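Single-structure report; data block below.
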Amino acid sequence: MLDIHFIRENIDLVKDAVVKKGADVDIDQLLKLDDERKKLRQELDAKRAEQNRRSNEIQLAKGGEREKVIEAMQHLKAGMAEEEERYQELLKEWTKLLLSVPNVPSPDTPVGPDESGNVVVRKWGEPTKFDFKPKAHWDIGRELGIIDTERAGEVSGARFAYLKGDLVLMQFALISLALKVLTSREELAAIAEKAGLDIVPTPFVPVIPPVFMRSDVMGRMARLQPIEERYFFEKDDLVLVGSAEHTLGPLHMNETIDEAQLPIRYAGYSTAFRREAGAAGKDTRGILRQHQFDKLELESFVRPEDGYREQEFFVAIQEHLMQLLKLPYQVVAICTGDMGKPDHRQFDIETWMPGQDTYRETQTSDYMGGYQSRRLNTRMRNKEGDLTHVHMNDATAFAIGRTLIAVIENYQQADGTIKVPEALVPYVGKDIIGAAR
RNA sequence: GGAGAGGUGGCUGAGUGGUCGAAAGCGCUUGACUCGAAAUCAAGUGUGCUCGAAAGGGUACCGUGGGUUCGAAUCCCACCCUCUCCGCCA
């Protein structure tokens, strides 16, 4: 949610954002409602002031005098009830409109209608070369018996999979590797230095968050919509998270954080659930697009002036992790029409997938500014004692499923086995992944 | 799931219909004292909305949402949460 004061003072900027993001919000209507809201509020407050004043008189009044004043008050009150109701209705409409206003994109965000407008910022590594024809992960996975989508289809339906054998060891190896980096002040400092970023290298606190959450809190994260994308248990008013971000973000809701305590960083490991409602027929083979996948997610709370740098730090971490795995990737600046509604700036990491002969999204990084913290009521108090909303960043460390695909396809060998990336060998305990049995 | 207790400002905690945005203590800020610190003394110290150039004013907020009343932290209803005990359980 944007601040209504900000909208009032930056009408053109906000209108421009609505257009660039392809949102459908009538800002003029919002401003008109806001004027009405303010006027009505003033009238009501004046009447309440009158009411409070007269109430005190009643206490002091005696006998018949008292009866008379009370009667007059009953009239005043009757007149207010209607206005009060009108105000409530107005406020409801006003809130709905205000919530639908998207965040303003950063000045350096490319403008474009959809993913065709995204811009590759930099590339690392060259697409992996093979002296044989590389296979897709679904074929390798089936042949080795480490990915079983057929049985999963019978048991759970489409877009579910059994991961088996050494692939499971690889999953936990990825998590261990990432957590080792994320919890080390020294490694983080080195990453920041290499990226030329002046940040405080406070380590990430590892978290295993709940995967169910209240619908209203998800709403405050601006992640409940589109609801068709969520698994929603109406009887319990609970929603399955689509990312650990959804339950990490509210870790400090209704809280005022002292400036000295920032930055606060979390690394949350959880399963993510997505209905993939609008993705019928897309990526149906393999495990690229699943209803359920595990993910290690980064979330942080920083001072507004540190927001951009924090995001660049997050991207640097993502790149560092991919470089450890020696996976060729590119960093993409997501354009206005393709970015999330609450995003101020978004980058994706796309990793080379030889089986599909293209780069595919493996990580994302969202800088929200104060868009989420305003609704979550997560604030900070600075040294001068002033209150502001903290700025929030979230990013993928490893989306396990897609990272496994990248490893399988890039490290496949002519004999059908998969080489284990050097950085993972200590965690997997072997250097070749063969058949599950 | 059953029984009980309870949710008040940064914290502890008083307040059961009006003068209560809320006692007191702690904490914090500023000042005095001091070479300095501690101790002591004095003053100040919530947030949103809104009017105002500012000073300041109005209004709302005592878990959340409704209701009763001229007037609600206080009474009524619903919900949420926390704690204790019992039951069940990885």
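Values reported hereafter were calculated over all heavy atoms of this structure, with side chains retained and with hydrogens, waters and symmetry mates removed. These numbers come from a predicted model, not from an experiment. Every chain is numbered from 1 and lettered A, B, ... according to where its sequence line falls, protein lines coming before strand lines.
- Rounded to whole Å, atom P of B:G65 lies 12 Å from atom CG of A:Leu91.
- Remark: A:Arg41 is positioned above the aromatic ring of A:Tyr87, its terminal NZ or CZ atom under 6.0 angstrom from the ring centre and at most 45 degrees off the axis.
- For A:Arg8, taking side-chain heavy atoms from C-beta onward, the closest of the listed nucleotides B:C70, B:U59, B:U50 is B:U50.
- Listed pair A:Lys38 / B:C51 meets the phosphate criterion, a side-chain N or O lying under 4.0 Å from OP1 or OP2.
- Within the shown strands, nothing qualifies as a pairing partner of B:G36 under the Watson-Crick or G-U definition with both distances less than 3.5 Å.
- Spacing between B:G1 and B:G15 at atom P, rounded to whole Å, works out to 33 Å.
- Rounded to whole Å, atom C1' of B:G57 lies 17 Å from atom CZ of A:Arg48.
- Note: CG (A:Asp386) to P (B:U29) measures 16 Å, nearest angstrom.
- Taking atom C1' on both B:A73 and B:A14, the two are 12 Å apart, rounded to the nearest angstrom.
- B:G17 and B:C85: their C1' atoms are spaced 36 Å apart (whole Å).
- Applying the 4.0 Å criterion to OP1 and OP2 of B:G48, one finds that A:Arg374 has every side-chain N and O outside that range.
- For the C1' atoms, the distance from B:G27 to B:C79 is 35 Å, rounded to whole Å.
- Between A:Phe204 and A:Phe314, the gap from one ring centroid to the other is short of 6.0 Å.
- Nucleotide B:G6 is matched to B:C81 when pairs are restricted to Watson-Crick or G-U wobble geometry with both distances under 3.5 angstrom.
- When each of A:Gln51 and A:Asp45 is assigned the nucleotide of RNA chain B bearing its nearest heavy atom, the one mapping closer to the 5' terminus is A:Asp45.
- The partner of B:A72, taking Watson-Crick or G-U wobble pairs whose two distances both stay under 3.5 Å, does not exist in any strand shown.
- Panel note: side chain A:Arg220, backbone A:Pro250; no donor-acceptor pair is recorded below 3.5 Å.
- Going from the C1' atom of B:C76 to that of B:A60 covers 22 Å, rounded to whole Å.
- At the phosphate of B:G63, neither OP1 nor OP2 sits under 4.0 Å from any side-chain N or O atom of A:Asn254.
- Of the candidates B:U47, B:G58, B:C70, B:C70 carries the atom nearest the A:Ser55 side chain, counting heavy atoms from C-beta on.
- Dashed line: the shortest gap from a side-chain N or O of A:Arg37 to OP1 or OP2 of B:U50 is under 4.0 Å.
- For A:Arg381, whose side chain is taken as the heavy atoms from C-beta onward, the closest listed nucleotide among B:A60, B:G48, B:G46 is B:G46.
- Rounded to whole Å, atom P of B:G65 lies 15 Å from atom NZ of A:Lys92.
- Protein atom CG of A:Asp216 is 17 Å distant from nucleotide atom P of B:C79, rounded to whole Å.
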| Can you list the steps and then say if A:Ser373 with A:Thr378 is a side chain to side chain donor-acceptor pair (under 3.5 Å)? | CA-CA 5 Å; A:Ser373 56; A:Thr378 302; over 6 Å; no
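- Taking 4.0 angstrom as the limit, A:Gln42 places a side-chain polar atom (N or O) nearer than this to OP1 or OP2 of B:C51.
- In this structure B:U45 sits in a base pair with B:G27, meeting the Watson-Crick or G-U test at under 3.5 Å.
- Base pairing analysis places B:C89 opposite nothing; no Watson-Crick or G-U wobble pair with both distances below 3.5 Å involves it.
- In a base pair of the Watson-Crick type (N1 to N3 plus N6-O4 or O6-N4) or a G-U wobble (N1-O2 and O6-N3), with each distance short of 3.5 Å, B:C20 is matched with no nucleotide.
- Here the separation of B:A72 from B:A22, taken at their C1' atoms, is 13 Å to the nearest Å.
- In this model, the phosphate group of B:C81 is approached by a side-chain N or O of A:Arg214 to a distance below 4.0 Å at OP1 or OP2.
- Remark: P of B:G48 and CZ of A:Arg375 are 18 Å apart, rounded to the nearest angstrom.
- Considering CD1 of A:Ile405 and CD1 of A:Ile400, their distance stands at 12.0 Å, rounded to 0.5 Å.
- Along RNA chain B, the nucleotide nearest to A:Arg54 and the one nearest to A:Leu387 differ in position, and the one closer to the 5' end is contacted by A:Leu387.
- For the C1' atom pair drawn from B:G9 and B:C20, the interatomic distance equals 13 Å after rounding to whole Å.
- At whole-Å resolution of the value, CE in A:Met253 and P in B:U64 are 13 Å apart.
- Rounded to a whole angstrom, the distance from the C1' atom of B:G52 to that of B:G57 is 8 Å.
- Judged purely by distance below 3.5 Å, without hydrogens or angles, the side chains of A:Gln363 and A:Glu319 never pair a donor atom with an acceptor atom.
- Side-chain contact annotation: A:Lys295 with A:Ser243, donor-acceptor N/O pair under 3.5 Å present.
- Here the nucleotide nearest the side chain of A:Ile70, chosen from B:C51, B:C70, B:C49, is B:C70.
- In this structure, A:Asn52 does not reach the B:G71 phosphate: none of its side-chain N or O atoms is under 4.0 Å from OP1 or OP2.
- Distance CG (A:Asn377) to C1' (B:G48): 9 Å, rounded to an integer number of Å.
- No hydrogens or angles considered: a donor-acceptor pair under 3.5 Å links the side chains of A:Asp338 and A:Asn118.
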